[in-house]
Q: 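Okay, handing you the structure first.
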Amino acid sequence: MEIAYVAVSALFAVFLYLRMREQDRTIKDLTDRLAARSHAEYLATRAYVERPPDDKPAKRMSWYDDPLEEDEE
């Protein structure tokens with residue numbers, strides 16, 4: 001019985017931790033927006049991680065995804 005109580009308590013603690021972390025991120029983002037003089041300044045100071053482009057093209061799922069063939073004259 002004690003093991004079940006410990007497991008439920010641990011899961012509850014993890015859930016509360018993740019929820020508080022998300023709330024802290026939201027509060028930080030809203031504070032940064034409020035502190036910026038303009039939207040451009042907010043965007044300049046915001047940490048934006050751009051996703052690198054894919055090296056290989058996406059796998060074709062159907063005939064519709066085939067490249068168009070130009071008529072050669």
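Position 1 is the first residue of the sequence; numbering continues from there.
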Q: Enter the distance from I27:CD1 to D29:CG here, rounded to the nearest 0.5 Å.
A: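 Going from the CD1 atom of I27 to the CG atom of D29 covers 11.0 Å.
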Q: State plainly whether one hydrophobic cluster holds both I3 and V6, where clusters connect Ile, Leu, Val, Met, Phe, Trp and Tyr through side-chain heavy atoms under 4.5 angstrom apart.
A: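 Cluster IDs for I3 and V6 differ.
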Q: Hey, is D32 close enough to K28 for a salt bridge, meaning N to O under 4.0 Å?
A: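 Looking at K28 together with D32, the answer is yes, because their closest N to O distance falls below 4.0 Å.
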Q: Quick one: OH on Y17 to CD on E22, what's the gap to the nearest 0.5 Å?
A: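 These two atoms lie 11.5 Å from each other.
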Q: If I take atom CD from residue Q23 and atom CG from residue L16, how far apart are they, to the nearest 0.5 angstrom?
A: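 CG of L16 is found 9.5 Å from CD of Q23.
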